[in-house]
Amino acid sequence: MEQPAEPVTKKPRRQEQEPAATEVTEVAPGVLRSQLPISLPGLGHVNCYFLEDERGVAIVDPGLPGPQSWRALVDRLKQAGYKPKNVHTVIVTHSHPDHFGGAGRMRDTYGAEVISHRKFRTCFDPPEDEAVVDDDATPTPPPWGRVMPWRSDSTFSPPISRRLKFKVYRTALKRFMRTPAPTRRVDDAEVITLAGREWVSLHTPGHTDDHLCLYDPVEGIVLSGDHVLPSITPHISGLVAGADPLTAFFDSLDKVAALQGVGLVLPAHGHPFHDLAGRAEAIKEHHAERLDVLRKAAGELGSASVEELSHHLFKPRSWGPMAESETYAHLEHLRAIGQAESRDDAGTLHYQLIG
Ligand SMILES: [Zn+2]
Ligand SMILES: [Zn+2]
């Protein structure tokens, strides 16, 4: 779900790509780091943090769905002296499968509370305004025609009725993915007491619209999810709600950079680190450079499609929907700040610089 900030060829492996270590380590009093295996582009593990308290343990981001990740989670819990039934709470930082995987099983089988941001919604769930009331009701299909708003060829015409198609699709995915239904949805600046600490919830949209970080102002600890990673930048999708996800991301970076007294950052991938403000600034600079590349390409091309411009921003091995989605997010940002305009050419969006 993330992309390397720069090409990884001829460079040492980034820490986020390291395979999951099996040992569990204490990173702060009562806070343990475990690693669960994943194999996604640029990622070799996801950190699942254990927050210990007198009730048992809360876990943050319990990995991918499926038996391999579950077995690893049970093994890591055992090393720390726990069984799945000791997990009273699961915190899911955002709606990507490498973060919510084990949450549904923890809730359904062991009665764990599942905490997310109020906006938590996976791509397998229907949009809020088309929400399904219950499992037996005939669900409303998602807006197939808006899969990729910058491409005319991205509309989807299901061969059978849309309702049936969506119902089959959703049932199959639900069975496999166990999309978790949070039991507690929090807003920004709520207090969540876990591991003997009072964590403050921080809504940090950008990577996803529902991204949640937790901040312990007393000990200066931040659980940063995918919002701030140590050596790669999170994918910024043009497909999230909101007109300008890049501005939302910049605002969220400023928000965490302004936190006082942060001494330990616990990311969802890679090693814990210390300089949150410095890393947030470096990520902003990375995107500023990407915007410069786009401005230069758009200046040379005059008017160009998102696909065409994405080829200036990404190496050929990365071309495709994710590269286009991130390019689209950057172009929409340029449009939002008045530096570019778009026009619809037979269903394909074309962008050009203004002035
Ligand atoms: Zn993510
Ligand atoms: Zn992730």
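All values below were derived from every heavy atom in this structure, side-chain atoms included, with hydrogens, water molecules and symmetry-related copies excluded. Every number for a ligand or one of its atoms is a count from 1 in the order of the listing. When a residue number appears, it is its place in the shown sequence, counting from 1.
Computed with the Zn ion (ligand 1) at the centre, the His207 NE2 to Asp226 OD2 angle is 100°, stated to 10 degrees.
At a cut-off of 2.8 Å, His99 is not counted among the residues with an N, O or S atom near the Zn ion (ligand 1). Not a single N/O/S atom of His211, whether from backbone or side chain, sits less than 2.8 Å from the Zn ion (ligand 1). Under 2.8 Å from the Zn ion (ligand 1) lies no N/O/S atom of His235, from backbone or side chain alike.
Residues Arg33 and His271 bring a donor and an acceptor atom of their side chains to less than 3.5 Å of each other. Under 3.5 Å, the side chains of Glu332 and Tyr351 contain a donor-acceptor pair of N or O atoms. A side-chain donor from one of Ser303 and Arg343 sits under 3.5 Å from a side-chain acceptor of the other.
Ring centroid separation for the pair His269 and His99 comes in under the 6.0 Å cut-off. Here the two rings, on His333 and His287, have centers that are 6.0 Å apart or farther.
Nearest N/O/S atom of Asp98 relative to the Zn ion (ligand 2): this is OD2. Closest to the Zn ion (ligand 1) among the N, O or S atoms of His96 is ND1. Residue-level check: among N/O/S atoms of His94, NE2 sits closest to the Zn ion (ligand 1).
The side-chain contact (heavy atoms from CB on, under 4.5 Å) search around Thr327 returns Leu294, Val306, Leu309, Ser310, Leu313, Phe314, Leu331, not counting sequence neighbours.
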